[in-house]
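Heads up, the thing below is written out as structure tokens.
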Amino acid sequence: MRLRFAPSPTGFLHIGNARTAILNHLIAKKYGAALVLRIEDTDMERSSRESEESILKDLTWLGVRWHEGPDRGGEYGPYRQSERFDIYREYSERLLAGGKAYHCFCTAGELDEMRKASAETGSYEYSGRCRDLSEEEKKAFLAEGRKPTVRFRVPEGETVIVDDIIKGRVVFSSENIGGDFIIVRSDGVPVYNYIVIIDDALMKITHVVRGEDHLSNTPKQVLIARALGLPVPQYAHLSLVMGDDRKKLSKRHGITSVDMYRREGYLPESLLNYLAMLGWAAEGGVEIMPEDEIAAQIEIGKLAKSAAVFDFQKLRWMNGSYIRQYPQERLLELIEPYINEAGFDTKSVERPWLSEVVALLKGYCETLPDIQKLIGMFMADVNEPDAESDALLRQENAKAVIREARMLFEGEITAENFFSGLGDRIKAGTGLKGKDLFHSMRALLTGRLKGPELDRALPLIGFERCRKRVEYAYRKYAQ
RNA sequence: GUCCCCGUCGUCUAGGGGUCUAGGACACUGGGUUUUCAUCCCAGCAACAGGGGUUCGAAUCCCCUCGGGGAUGCCA
């Protein structure tokens, strides 16, 4: 079994393509198949080497592994279509010589006109007007300076049956695939629908797992294969991923590139998990699963036929769950840049202490940068109260708490005993309890109303800082 | 327009003729734990697009309608 993932390097790796790549990777893993990475860069204007590099980087980050590709070579290379033009030319010549393809002199402009004209009457199909040009006619066009394209002569009355692993048996007729289609542009560069099937055959691909948007074009590819005597792989067309408006996922739906998810603080494991499980369910309805387990359970035929809406909420939830389970060292490493970004220098503090802080805070993070909202209560000397804490601290109950705390910090509270029973002491002094007491204490000592449990946070914040914060609050609110 | 695909809670799905008064997860709502809060636990809300068949029996099979999506490019 040989699989392939064939992105076009015309931008960042998109979530939809990432899912296709992940599924290919997982299936390859399950069956011990080879995964080929092929770069489909025949759109010379839009393709770029930078895109290719970023796609490879994103795939690697996600954990997708391929066995053959432009970066590592392989028996069936080269793996960039732009480096295989000689191969395609041979096939084109064969098609031309056998009368299975012909030169078409229609210009892009003329084609446009024809399309427009037929838009009013109904369906468009290439007229086939260059199908049977005489040598004189061809010469005349050439003399005009026209550069011909090569069109595939679509056989009449032929049926193409695609036995799709996901969709089932899909029947097409050569009558309604739009007429003879272009396989080589006027500049000599071949077109996707033509060479994709050649490469799949030459690279000995046995199973093509790709997006459903390719299903309608599959008969064209099969017809090419028949004309060339090439084998046709097994197909599995994946249903598309859509935005919440049920349109194909695109930029206006928010963040749709893998690159952005990385920067927004998502973990590769959770993105892979989420994308891999979009479209089917594991045994027992388990949602969070390590890659190996997903690979063990996944089956192409079990994947849903219907399109799935991408649910950012669920991804967030899943990511939070991964953050909580993540190996501590690795998490610390990944989350550190976000702490620095919030304006705190992680180099200036003790590593074990920082690790404890992160371990405590990770329970409150769904994405890595979520830590920025809470980290100040540990890193800053005096963490300036945010708006809601500020509002609370201006209330009478809170002022009582502030005064009581100040008294305690000046008297009986010491670095040794301050956090054990601090609440009880303030309670005894003020007569406050429950929310009135603890919310005020939280605002006073952390500057935030939300966060980890005080008796776990306080020891990490430390006596000295708490004392400073009490003093600061006293002057600001209660003096 | 034409061709192709699809249609179970708001979302992802389980279900492949009786065990379905349709199960799980996210979200939402309400409780509980945490002497406070975003974790955690429990409970609740909520769906077989509509209409015809087939069958003793249909979410499951067939047809039609409607709805959604894709293709129809000298993009992939």
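Source: prediction; values computed, not measured. Reminder, nothing fancy here: chain letters follow the sequence lines and each chain counts from 1.
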Can you build the contact string for nucleotides 24-30 of chain B? Use B for base contact, S for sugar-phosphate-only contact, and - for no protein heavy atom under 4.0 Å. BBS----

Using a 4.0 Å cut-off on protein heavy atoms (strictly under), produce a 5'-to-3' string for nucleotides 64-76 of chain B with B for base contact, S for backbone-only sugar-phosphate contact, and - for none. -----SBSSSBBB

Quick one: look up who [N] pairs with, Watson-Crick or G-U, both distances under 3.5 Å, and put none if it's unpaired.
{"N": "B/C28", "answer": "B/G44"}
{"N": "B/U2", "answer": "B/A71"}
{"N": "B/G7", "answer": "B/C66"}
{"N": "B/U55", "answer": "none"}
{"N": "B/U21", "answer": "none"}
{"N": "B/U33", "answer": "none"}
{"N": "B/U39", "answer": "none"}

Please enumerate all residues that pass side-chain hydrogen bond (donor to acceptor under 3.5 Å, both in side chains) together with [X], with sequence neighbours excluded.
{"X": "A/Glu384", "result": "A/Tyr472, A/Lys476"}
{"X": "A/Asp41", "result": "A/Ser82"}
{"X": "A/Ser48", "result": "A/Ser51"}
{"X": "A/Thr218", "result": "A/Arg210, A/His237"}

If you measure from the [atom1] atom in [N] to the same atom in [M], how many Å do you get, rounded?
{"N": "B/A27", "M": "B/U13", "atom1": "C1'", "result": "15 Å"}
{"N": "B/G51", "M": "B/C56", "atom1": "C1'", "result": "23 Å"}
{"N": "B/A49", "M": "B/G30", "atom1": "C1'", "result": "31 Å"}
{"N": "B/A47", "M": "B/G1", "atom1": "C1'", "result": "34 Å"}
{"N": "B/C41", "M": "B/A14", "atom1": "P", "result": "24 Å"}
{"N": "B/C48", "M": "B/C12", "atom1": "P", "result": "15 Å"}
{"N": "B/U8", "M": "B/A59", "atom1": "C1'", "result": "7 Å"}
{"N": "B/C37", "M": "B/G18", "atom1": "P", "result": "48 Å"}

Under 4.0 Å between any heavy atoms, over every strand shown, what does [X] touch: base, sugar-phosphate, or nothing? Just pick one.
{"X": "A/Gly320", "result": "nothing"}
{"X": "A/Leu374", "result": "base"}
{"X": "A/Arg324", "result": "sugar-phosphate"}

Here the residues of residues 167-174 of chain A within 4.0 Å heavy-atom distance, strictly under, of RNA chain B are A/Lys167, A/Val170, A/Val171, A/Phe172

Where does the angle between the aromatic ring planes of A/Phe312 and A/Tyr261 fall among parallel (under 30°), tilted (30 to 60°) and perpendicular (over 60°)? parallel

With under 30° as parallel and over 60° as perpendicular, where do the rings of A/Phe105 and A/Phe141 fit, or are they tilted in between? parallel

Atom CD of A/Gln325 with >12 non-hydrogen neighbours under 6.0 angstrom: yes

Results of side chain to side chain contact (heavy atoms under 4.5 Å, CB included) for A/Glu283 - residues two or more places apart only: A/Gln297

Excluding sequence neighbours, so at least two apart, what forms side chain to side chain contact (heavy atoms under 4.5 Å, CB included) with A/Leu202? A/Arg84, A/Ile87, A/Tyr91, A/Ile198

How many whole angstroms separate atom [atom1] of [X] from atom [atom2] of [N]?
{"X": "A/Tyr364", "N": "B/C40", "atom1": "OH", "atom2": "P", "value": "11 Å"}
{"X": "A/Tyr235", "N": "B/C5", "atom1": "OH", "atom2": "C1'", "value": "17 Å"}
{"X": "A/Lys450", "N": "B/C40", "atom1": "NZ", "atom2": "P", "value": "16 Å"}

Which atom of A/Ile39 lies closest to which atom of A/Pro70, heavy atoms considered: CG1-CG, 3.7 Å

A/Arg146 to A/Cys106 - nearest heavy-atom pair and separation: NH1-CA, 4.1 Å

Pairwise salt bridge (Lys or Arg N to Asp or Glu O under 4.0 Å) hits with a residue in residues 159-170 of chain A, at least two apart: A/Lys167-A/Glu212

List, with names and distances, any nitrogen or oxygen atoms from the protein found under 3.5 Å away from nitrogen or oxygen atoms belonging to nucleotides 43-48 of chain B.
none

Within the structure provided, determine whether A/Lys362 and A/Gln328 are in side-chain contact (heavy-atom separation under 4.5 Å). yes

For A/Asp386, is there any backbone N or O sitting under 3.5 Å from a side-chain donor or acceptor partner on A/Asp390? no

A/Tyr194 meets the ring pair (Phe, Tyr, Trp, His ring centres under 6.0 Å) criterion, sequence neighbours left out, with none

